Amino acid sequence: MGEGNSTEATDAGIAAATLILFSERDGELARHLMIQRTAQMRFAPEALVFPGGRVDDDDHRIAADASLVDVALADPLELAHRVTAIRETLEEVGVLAGFSTTTALDPAAMQATLKGKSAFSSLLAGTGTRLDLSGIVPWAQWHPRFKSHRQFDTRFYIARHEGDHAVSTDVDEVGHARWLHAHEAIAEADGGRAKIIFPTLCNLERLSTYPTFEAASAHAAAIECRPISPRLDDDPHGNSWISIPEDRGYPVARRLVSSLQAP
């Protein structure tokens, strides 16, 4: 997760973006690239998540530069989040997503350049590369407001992945990375072999319901992408429940807090 100067780190939450890649081979249901965060990370250490991180100032600069992106595609804030999703995926796992062309690009070298604190905008300009943000499809927006946790306002995106499954992880942030079916990741959490936080679990359940990019894209287009802020409440028996709105496309909208690894 990039630690650049976030322009959105306010009481409204730290602006962030996450990318869920769909790799479909030989008629298989999609696999998604997931990473296990290192134990040293302040937020969700050792959790299995999708690549992503904070929106930084340079992402906004890229979003406003017609030589680097199609600025007519959407509003500037939306464009910046899509840039973040692309950049973080390259930084964390060395995978190219959302590039207008990957011809003659060396993702490992580009990842190393970013690791050396070079700006993404400079990297794009130096390689003569332009981002194609049209294939980065809005999926959800999560804004948990629990006072005991760092508050992120995260936009989730989905994108098709046509390449191989090669990854190059940033060892400072990523323990390892794997391509998993959604149901495989859920099973690992159920079996105690993986730590999955509440938003990731909900998104995995939703992905398992729409297990191809075409189906997921059509589903996402039919759901208004509004912020999701989970709510905690107790029932008359003293059980604590966590719930999300029922109209956001998730198959399970309410569950016992005691059944979760973390909210």
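Keep in mind that what you see is a predicted model, and the values were worked out from it rather than measured.
- In this structure, Arg254 places its CZ atom where more than 12 heavy-atom neighbours from other residues, nucleotides or ligands lie under 6.0 Å away.
- Here the CG atom belonging to Leu96 is positioned 13.5 Å from the CD atom belonging to Glu162, to the nearest 0.5 angstrom.
- By the 4.5 Å heavy-atom criterion applied to side chains, Tyr157 and Thr18 are not counted as neighbours.
- Rounded to the nearest 0.5 angstrom, Ile186 CD1 and Thr200 OG1 are separated by 11.0 Å.
- Judged by distance alone, with hydrogens and angles left aside, the side-chain atoms of Ser118 form no donor-acceptor pair with the main-chain N or O of Leu114 at under 3.5 Å.
- Panel note: side chain Ser217, backbone Phe213; a donor-acceptor pair is recorded below 3.5 Å.
- Separating the NE2 atom in His183 from the OG atom in Ser208 is a distance of 8.5 Å, to the nearest 0.5 Å.
- When atom types are taken as modelled, the side chain of Thr212 and the backbone of Ala215 share a donor-acceptor pair closer than 3.5 angstrom.
- Atom-to-atom distance recorded for Gln141:CD and Arg248:CZ is 9.5 Å, nearest 0.5 angstrom.
- The backbone N or O of Asp235 lies less than 3.5 Å from no partner atom in the side chain of Asn239, so there is not a single donor-acceptor pair.
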Should Asp58 and Arg87 be marked as a salt bridge (Lys or Arg N to Asp or Glu O under 4.0 Å) after you check the CA-CA gap, both sets of side-chain angles, and the distance that decides it?
CA-CA 10 Å; Asp58 191 56; Arg87 174 180 54 76; over 6 Å; no
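- Residues Glu246 and Ala253 approach most closely at CG-CB, 3.8 Å, considering heavy atoms.
- Counting all heavy atoms, side chain and backbone alike, Ser134 lies closest to Asp132 at OG-OD1, 2.6 Å.
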Trace of the salt bridge (Lys or Arg N to Asp or Glu O under 4.0 Å) decision for Arg160 with Glu214:
CA-CA 9 Å; Arg160 193 188 300 274; Glu214 182 177 358; over 6 Å; no
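- Trp241 and Asp234 share no side-chain donor-acceptor pair at under 3.5 Å.
- Residues Arg206 and Pro251 have side chains in contact (heavy-atom distance under 4.5 Å, counting atoms from C-beta outward).
- Both Met110 and Val174 are members of a single hydrophobic cluster when ILVMFWY side chains are connected at heavy-atom separations under 4.5 Å.
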Please lay out, stage by stage, how Asp56 and Thr84 fare under the test side-chain contact (heavy atoms from CB on, under 4.5 Å).
CA-CA 8 Å; Asp56 66 25; Thr84 301; 5.8 Å; no
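- Salt-bridge annotation for Glu205 and Arg255: present, with a side-chain N of the basic residue lying under 4.0 Å from a carboxylate O of the acidic one.
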Evaluate the side-chain contact (heavy atoms from CB on, under 4.5 Å) criterion for residues Asp233 and Ser243: first the C-alpha distance (whole Å), next the side-chain angles of each, then the deciding distance (0.1 Å), finally the verdict.
CA-CA 8 Å; Asp233 62 87; Ser243 59; 4.1 Å; yes
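- Contact annotation: the side chain of Ile244 approaches that of Phe198 to within less than 4.5 Å [non-hydrogen atoms, C-beta and beyond].
- Between the Arg130 side chain and the Val69 main chain, a donor and an acceptor come within less than 3.5 Å of each other.
- Transitive grouping of hydrophobic side chains (ILVMFWY, heavy atoms separated by less than 4.5 Å) keeps Leu68 and Val55 in distinct clusters.
- Among all heavy-atom pairs drawn from Arg145 and Ser229, the shortest one is NE-OG, 3.3 Å.
- Using a 4.5 Å cut-off between side-chain heavy atoms of Ile, Leu, Val, Met, Phe, Trp and Tyr, with links allowed through other members, Phe156 and Leu48 fall into the same hydrophobic cluster.
- With hydrogens and angles left out, the side-chain atoms of Asp153 and Trp142 include no donor and acceptor closer than 3.5 Å.
- Contact of the Cys202 side chain with the Val252 side chain is not registered, since no non-hydrogen atoms from C-beta on lie closer than 4.5 Å.
- Using a cut-off of 4.0 Å between Lys/Arg side-chain N and Asp/Glu carboxylate O, Arg54 and Asp59 are scored as not salt-bridged.
- Using the six-membered ring where Trp is involved, Phe120 and Phe99 have ring planes that are perpendicular, over 60° apart on the 30 and 60° scheme.
- Annotation: the span from Arg37 atom CZ to Ile197 atom CD1 amounts to 8.0 Å, rounded to 0.5 Å.
- Between Val95 and Leu90, the closest side-chain pair of non-hydrogen atoms is not below 4.5 Å.
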Checking side-chain hydrogen bond (donor to acceptor under 3.5 Å, both in side chains) for the pair Thr169/His176: CA distance, chi angles, key distance, verdict?
CA-CA 7 Å; Thr169 58; His176 61 266; over 6 Å; no
In sequence, state the C-alpha distance, the side-chain angles, and the governing distance for Leu260 and Ile242, and then conclude on side-chain contact (heavy atoms from CB on, under 4.5 Å).
CA-CA 10 Å; Leu260 302 174; Ile242 187 168; 3.6 Å; yes
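- Val93 and Ala177 make their closest contact through CG1-CB, 4.0 Å (heavy atoms, listed as atom of the first residue, atom of the second, distance).
- When side chains are defined from C-beta on, Glu46 counts as touching Gln36, because their heavy atoms get closer than 4.5 Å.
- Contact between Ala159 and Leu19 at its shortest, heavy atoms only, is CB-CD1, 3.9 Å.
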Output a table of donor-acceptor pairs, distance under 3.5 Å, between side-chain atoms of residues 27-35 and any protein atom two or more places apart or on a different chain; print 'none' if there are none.
| residue | atom | partner | partner atom | Å |
| --- | --- | --- | --- | --- |
| Arg31 | NH1 | Trp179 | O | 3.4 |
| Arg31 | NH1 | Glu184 | OE1 | 3.2 |
| Arg31 | NH2 | His181 | NE2 | 3.3 |
| His32 | ND1 | Leu21 | O | 2.9 |

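- The hydrophobic clustering, which links ILVMFWY residues whose side-chain heavy atoms are closer than 4.5 Å, places Leu207 and Val49 apart.
- With a 4.5 Å cut-off on side-chain heavy atoms, Glu78 and Pro138 count as touching.
- The shortest non-hydrogen separation linking Ala63 to Ala80 is CB-N, 3.6 Å.
- A continuous path of Ile, Leu, Val, Met, Phe, Trp and Tyr side chains, each step under 4.5 Å between heavy atoms, connects Leu133 with Leu105, placing both in one hydrophobic cluster.
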Could you give me the CA-CA distance, side-chain angles and deciding distance for Thr209 and Tyr250, then say whether side-chain contact (heavy atoms from CB on, under 4.5 Å) is met?
CA-CA 9 Å; Thr209 306; Tyr250 291 88; over 6 Å; no
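- Defined by atom type and a distance below 3.5 Å, a donor-acceptor pair is missing between the side-chain atoms of Thr154 and His143.
- Remark: the backbone N or O of Ile136 is paired with a side-chain donor or acceptor of Arg82 at under 3.5 angstrom.
- Using a 4.5 Å heavy-atom cutoff, the side chains of Leu77 and His60 are in contact.
- Distance CG/Leu123 to OG1/Thr129: 7.0 Å, rounded to 0.5 Å.
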